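It should be emphasised that the depicted structure is a prediction, and the values quoted were computed from it without experimental measurement.
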Amino acid sequence: MDLATWFASNFAWIAKYWPAILSGFYTTLKLLFFSLLFGYPLAILVGFGRVSKNPAIYGLATGFVSVIRGTPLLVQLFIYYYGLGSLFPAIPGIRQSFIWPVLKDGYYYVIFALVISVGGYVGEIVRGALLSVPRGELEAARAYGFHGFGLIRRIWLPRAMQAMMPTFAGETILCLKSTALAYLVSVQDLLGQINIIRSREAITYTPLLVVAAGYLVTTLIIEAVFRRFEANFAKTTRPA
């Protein structure tokens, strides 16, 4: 049997199910996009909380990081979806409210879980990057009149971003892989759609190869984008 014949016999199901595969892949990309869109700003807040001199802010940020990093993401997702999700319907009037379509949909619980996870893990990376900025640079910036939010926005955070940039690609890829948990709460992402196909067609391995290929291609694209972004960021932040 030649390669073309083998491929035709083992992957013929793709012609029948490609709309479902593309739909699932699109859902996966949306989960990744919104998780990072809200997760990275949360991580920055957590990182600054971890270096705060205010005991209450520091304690809150430290507790948050400890809980998120110390418990599996799958357990967190189940707590949100099956725990909080079972409490909301008991609230009077909640089913008639405008927010009920969100509260009953596992899609939003997955995004929430991923945002919280990114905030906890990347927040600790932000903390390390903030502490890596030489204190002499910050003192010099203060001497030039930078204080408060201006110091953070113009000096401290950009310098910390230089230290964090190489890790952003890795964290983004980890978040992409974490989206595969979505099918466990009935969200039809790429893996969820593939599992439906496996069940309908009674095939085991070739659909999983399609999933692996989808994640691999997306990972390579993410790495290329971040390499380009890192190079451009280094040019814009290089001292004159």
Side-chain angles (χ1 to χ4, degrees), residues 1-43 72-74 76-77 105-122 125 161 164-235:
M1 180 183 296
D2 59 21
L3 181 61
T5 303
W6 177 87
F7 186 88
S9 62
N10 286 277
F11 292 91
W13 54 271
I14 293 179
K16 179 179 178 182
Y17 290 104
W18 68 264
I21 297 172
L22 291 181
S23 174
F25 187 57
Y26 179 60
T27 299
T28 293
L29 294 180
K30 286 196 300 181
L31 290 173
L32 176 65
F33 173 77
F34 288 112
S35 300
L36 300 179
L37 179 66
F38 298 107
Y40 279 150
L42 175 61
L73 177 58
L74 179 59
Q76 297 170 24
L77 176 59
D105 192 341
Y107 174 83
Y108 298 99
Y109 288 92
V110 174
I111 292 178
F112 181 76
L114 291 174
V115 167
I116 296 299
S117 178
V118 170
Y121 280 91
V122 181
I125 295 173
M161 286 284 290
M164 290 186 290
M165 195 60 64
T167 67
F168 277 166
E171 293 299 324
T172 300
I173 291 169
L174 288 176
C175 186
L176 169 67
K177 295 177 181 179
S178 297
T179 61
L181 297 176
Y183 86 97
L184 295 173
V185 292
S186 303
V187 176
Q188 300 309 322
D189 65 334
L190 178 59
L191 183 56
Q193 292 287 5
I194 287 296
N195 281 334
I196 292 175
I197 295 170
R198 293 173 65 204
S199 176
R200 288 177 179 176
E201 299 296 321
I203 48 181
T204 303
Y205 299 111
T206 52
L208 294 178
L209 293 178
V210 172
V211 173
Y215 280 101
L216 177 60
V217 170
T218 307
T219 296
L220 294 176
I221 294 174
I222 290 172
E223 290 178 341
V225 169
F226 271 92
R227 279 197 300 268
R228 184 66 177 269
F229 186 73
E230 183 180 348
N232 291 338
F233 185 83
K235 291 179 181 179

K.L.:
Give the ring-plane orientation class for Phe168 versus Tyr40, where under 30° counts as parallel, over 60° as perpendicular and anything between as tilted.
P.N.:
tilted
K.L.:
Test Thr27 against Tyr183 for side chain to side chain donor-acceptor pair (under 3.5 Å), laying out the working first.
P.N.:
CA-CA 11 Å; Thr27 299; Tyr183 86 97; over 6 Å; no
K.L.:
Run the side chain to side chain contact (heavy atoms under 4.5 Å, CB included) check on Val211 and Tyr215 step by step: do they pass?
P.N.:
CA-CA 6 Å; Val211 173; Tyr215 280 101; 3.5 Å; yes
K.L.:
Hey, could you give me the OG/CD distance between Ser186 and Gln188, rounded to the nearest 0.5 Å?
P.N.:
7.0 Å
K.L.:
Hey, could you give me the OG/CG distance between Ser117 and Leu73, rounded to the nearest 0.5 Å?
P.N.:
5.0 Å
K.L.:
With side chains defined as the heavy atoms from C-beta onward, is the minimum distance between Phe226 and Ile222 less than 4.5 Å?
P.N.:
yes
K.L.:
Decide yes or no for Val122 and Met164: does some side-chain heavy atom of the first lie under 4.5 Å from some side-chain heavy atom of the second?
P.N.:
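No, too far: nothing below the 4.5 Å cut-off.
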K.L.:
Working note: Leu114 + Leu77, criterion side chain to side chain contact (heavy atoms under 4.5 Å, CB included); need CA distance, chi angles, decisive distance, verdict.
P.N.:
CA-CA 8 Å; Leu114 291 174; Leu77 176 59; over 6 Å; no
K.L.:
Check Phe25 against Gly214 and note the closest heavy-atom contact, atom names and distance.
P.N.:
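Phe25 and Gly214 have their closest heavy atoms at CE1-O, 4.0 Å.
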K.L.:
For a quick test of reading the model, state the closest non-hydrogen atom pair linking Gln193 to Gly24 and the distance between them.
P.N.:
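Minimum heavy-atom contact is CG-CA, 3.7 Å.
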K.L.:
Write down the atom of Val187, the atom of Gly106, and the distance for their closest heavy-atom approach.
P.N.:
CG2-C, 3.5 Å
K.L.:
For the CG atom of Leu191 and the CD1 atom of Ile196, what is their distance to the nearest 0.5 Å?
P.N.:
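Reported value, rounded in 0.5 Å steps: 10.5 Å.
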K.L.:
Could you label the plane-to-plane angle of the Phe34 and Phe38 rings as parallel, tilted or perpendicular, counting under 30° as parallel and over 60° as perpendicular?
P.N.:
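Judged by the thresholds at 30° and 60°, the geometry between Phe34 and Phe38 is parallel.
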K.L.:
Do you know which two heavy atoms are closest between Pro41 and Leu36, and how far apart they sit?
P.N.:
CD-O, 3.9 Å
K.L.:
Closest approach of Leu31 and Ala182, non-hydrogen atoms and distance?
P.N.:
CD1-CB, 3.8 Å
K.L.:
In this structure, are over 12 heavy atoms from other groups packed under 6.0 Å from Lys177 atom NZ?
P.N.:
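It does not: Lys177 NZ has 12 such atoms or fewer within range.
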K.L.:
Below 4.5 Å, heavy atoms only, C-beta onward: do Leu174 and Tyr121 meet side chain to side chain?
P.N.:
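No - every pair of side-chain heavy atoms lies 4.5 Å or more apart.
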K.L.:
Can you tell if the side chain of Arg200 reaches within under 4.5 Å of the side chain of Trp13, non-hydrogen atoms only?
P.N.:
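Arg200 does not reach Trp13 side chain to side chain.
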K.L.:
Which value, rounded to the nearest 0.5 Å, describes the distance between Lys30 atom NZ and Ile111 atom CD1?
P.N.:
8.0 Å
K.L.:
Could you tell me which non-hydrogen atom of Val118 sits nearest to which non-hydrogen atom of Gly39, and how far apart they are?
P.N.:
CG1-C, 3.6 Å
K.L.:
Contact between Phe11 and Val210 at the side-chain level, heavy atoms closer than 4.5 Å - yes or no?
P.N.:
yes
K.L.:
Measure the CG-OG1 distance between Leu29 and Thr179 for me, rounded to the nearest 0.5 Å.
P.N.:
8.5 Å
K.L.:
Test Thr28 against Leu176 for side chain to side chain contact (heavy atoms under 4.5 Å, CB included), laying out the working first.
P.N.:
CA-CA 8 Å; Thr28 293; Leu176 169 67; 4.0 Å; yes
K.L.:
Atom OH of Tyr205 and atom CZ of Arg198: how far apart are they, to the nearest 0.5 Å?
P.N.:
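Answer rounded to 0.5 Å: 8.5 Å.
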K.L.:
Is the shortest heavy-atom distance from the side chain of Val110 to the side chain of Leu181 under 4.5 Å?
P.N.:
no
